[in-house]
Amino acid sequence: MKKKTIGFYLKIYGKILSQDLKSKMSYRADFIISTIGMIFTNISGFISFWILFKNFPSIMGWTYNEMLFLYGFSLIALTPVQCLFDNNWNLRMHVYSGDFIKYCFRPINLFFYYMSEVFDIKGLGQLAFGIGTLIYSWNRIGIHTTPLVILKTVIFLITASLFMIAIMNLAASTCFRIINSGYIMVMSSRFRDYAKYPISIFSPVFRFIFTFIIPIAFIAYYPGLVVLRPDEVPLLSWLSPLIGCIFFYISYKVWMKGATSYNGTGS
Amino acid sequence: MDKIIEIQNATKEFKVLNRREGLRGSIKDLFSRNYNIVRAVNDISIEIGSGEIVGYLGPNGAGKSTTIKMMTGVLEPTSGKILVNGNVPYKNRTKNAQEIGVVFGQRSQLWWSLPLIESFKILKDIYQIEDSDYNKMMEFYRSLVDIEPLLHKPVRQMSLGQRTLSDILAAFLHNPKVVFLDEPTIGLDVSMKSKIRVLIQALNCEKNTTVILTTHDMGDVDALCRRVVIIDKGKMLYDNDIDHLKNFFGSYRTLKIRLDEICDRDEKTLKEISQKLSEEMSEEFSGDKNPAVSTDNEWINVLVNEDKLAVMDALNFIQTKHTIKDMKLEEISTEDVIKKIYEGGV
Amino acid sequence: MNVKKHLTLTRAGIIESLQFRLSSLVIIAGNFIYLIIVYYLWKAIYASVDTESVNGMTFSDTLIYLVLATSLFGFMEMYLVWQMGRDIQSGKIILDISKPMKYMPFMFWSLSGSVVMSFIMTFIPTFVAVYFLTNGAIHLGINILFFLISVVFAIIINFSIDFFIGTVCLYTESIWGINIMKEVIVLLLSGATIPIAFFPEPLKTIVLYLPFQSIYNVPLTILTKSEMPVEEVFKMMLTQVFWAAAAMLISSLFWKKSLKVITVNGG
């Protein structure tokens, strides 16, 4: 057996993805409706935001544009979990019906194989919306654009993504142990709506909780600060890439542990 | 013959939640949970040589699927040892998976929305099959079945038979040493069944692939297996040649009859009449000749040993006593075989 | 109407929901965390302005309104669109249609069990928490009774809208897209995300003429504005009755018509 390198996995992913896209294109109506749905979601989020700032010009020293920056940042950071890890949402169904077993017979990484099955193309609309918002607020705030700042932005966007992916992995893996754990998924994904707010508005106790226990502050606030307010970056921001990797790794392990200890339903 | 699968004293236990009934029961469940330990597989030892086709039989819930899940590395045995091709499946799941193929029930493992050929191409990459091997295999497939019309059809649009066929081909694609087929012919019509049997036979022959086949259909066993392992309630009942088993049940057939007297399908009268029939039969036919009488839903089953007693004689005799409304003749079922084994101890 | 027949369905739904004890705990915990986020967010927002009330709503008004809106959403969401969509695609709907009960009431009474459960599991704890958090800012009087009646109407309107959207699934496979569009529109225009009082003028007027505000805005306004004259309350409830009747009528007509189309086409 040949060694399975990252190249091997990338090649397989590329192949499955391109085939999947081809077959999705044959369901054009579905694709269009889903995309419109996604655009609706983003527009509605934006409208709520706008209504809020019509009434309140700033929130605890955070201006409209700064908040908009965090909003765009979180939208981009949420794209990978939406596009690449969307099959987490189906995990509960697969486990409940016993279909999950079919993923266990292939000689490749189970987590990879499972996630590779679904690529959610709708997420790309969100990405476009997020990039637009980020660039708009970027210019309005007047962030000095240098290659280093752009590099930082990319690295910290990836960091933020890792946190959201890890949260959803952990939420999905609960279904290996609890019947009908869909609520946990729904709840966890609801947290991401609050990730865009600056954590400084919370009291110290909850600042601690949202940093270390339910780490939603890492989805936009800590990584975003590096670019948004470079003069007051806390240590946690700089550490967030490392923490993100560790957190993702833990979630991956938990997911795999759940999958291997999952005993199938009957028969 | 080299051993490809070795199972030694394998046991698998499950924890099953006892759910209480009714509204009050659900509320109780909310606060305290009551588990039962169920032993799905109980101290089973089997050795299988390479190239064998082994029929793995048993009624529903006997522990067949659990054994297969252990051999494929999905489940870890609670105790005992399992080696497949020198691997401990549970510990080296991916390594083991490279060398086995699985068709599990009616759950297609192919990509639902992709045409079959694209699934094959992805599998080729996943199993790292060389181009030349892949092409040879596809050539071989073409010589066996007419796959051209299937190749460009998405799996989702296939009939059950086509899907099973595709799944079997996919399981053999990487030339595995062992292939597990779990109920491959379930729900298929007679012609598709025989097509699948021929295919399995040919693949086994050509590549010397070991095949473990679970089924409820004695026809599958008859057509494919030289060796049969039977389990029931997690315990092994029988492990021997099919010929040996055939000596025992081969000449048995079930005569199913429906009598005029039982018009309202009343279970009690059915039982009474079958009891009466049983007594009448044992008066007429003594010793080995005497057929066993049982009932299911609306039929009375008369199990006749054709070596001793011609079915026609039995039928004629019944006709002298009762009016037969309907009848059919069936091969012995797995369930009957198991019952016979319990009774007779093969 | 045979009440017993319907209540059996309710009872079955209750038993089913009780099976999942951990999920009930998680829902309660999740709502609690959510409550905290909303609390701090709006505390920060109000801290940024000098006046005590904005658009006639004080901090505690807004808080009560939003938190109860979310928990109303939590128990009114019956995942009806999903269920209908799935049943339509799998063909299971044929079985339900052929039951000796009309499909729409059948679905309503089947889902009523889980509505009752989540009312107890999510709404009541949240209500109690809010009551104490705001030091009893909710007036406990006749308004509670009006509120409960108003919630029943809201459930009927929400169910009818869901049923309408679920019927659309007879025509398309895109359940996700359709459902998300509905959810986004309902949540925004019903005032569940931001109180309608904050909406800028033209938008506010438009929204008040739509059925959506009857789902969240009306019951919550009745609950929080206890000083409102009774005539005003009755006027609001009358709008609800109107929308409930209209939505029920339109949905059942649409369903009847669609069913004919489908059976004729043999789809």
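Chain A is the first sequence line, chain B the second, and so forth, proteins listed ahead of strands; every chain is numbered from 1.
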* **Under 4.5 Å from a heavy atom of chain B, the part of A:Y113 involved** =>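 Looking at A:Y113, just its side chain touches chain B.
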* Please look at A:I16 and chain B and tell me whether the side chain, the backbone, both or neither of the residue comes under 4.5 angstrom of a heavy atom of that chain. =>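 The answer is both parts of A:I16.
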Per-residue contact mode, [X] against chain A (heavy atom under 4.5 angstrom):
{"X": "B:L114", "value": "side chain"}
{"X": "B:I100", "value": "neither"}
{"X": "B:F180", "value": "neither"}

Could you report the tightest heavy-atom contact between [X] and [Y], atom names first, then the distance?
{"X": "A:F105", "Y": "B:T72", "answer": "CE2-OG1, 3.5 Å"}
{"X": "B:Q109", "Y": "A:K102", "answer": "CG-CB, 3.7 Å"}
{"X": "A:P107", "Y": "B:T94", "answer": "CB-O, 3.3 Å"}
{"X": "B:E118", "Y": "A:Q19", "answer": "OE1-NE2, 2.8 Å"}

* Asked: Of the listed residues (B:E99, B:R156, B:K121), which shares the most heavy-atom pairs with chain A below a 4.5 Å separation?
  -> B:R156
* Sequence neighbours left out, what passes side-chain hydrogen bond (donor to acceptor under 3.5 Å, both in side chains) with A:D99? Give chain and number order. =>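 With neighbours one apart ignored, the set is B:R107.
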* **Heavy atoms of other groups near A:F40 CZ, more than 12 under 6.0 Å** => no
* Spatial distance of atom CZ (B:F104) from atom SG (A:C104) [nearest 0.5 Å] -> 10.0 Å
Only distances under 3.5 Å count here; give the side-chain donor-acceptor pairs of residues 75-84 of chain A to other protein atoms, sequence neighbours excluded, each with its distance to 0.1 Å.
residue, atom, partner, partner atom, Å
A:T79, OG1, A:L75, O, 3.2
A:T79, OG1, A:I76, O, 3.2
A:Q82, NE2, A:D120, OD2, 2.9

* Just by modelled atom types, is the B:Y127 backbone N or O under 3.5 Å from a matching donor or acceptor in the A:R106 side chain? ->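 The answer is no, because no donor-acceptor pair under 3.5 Å joins these two groups.
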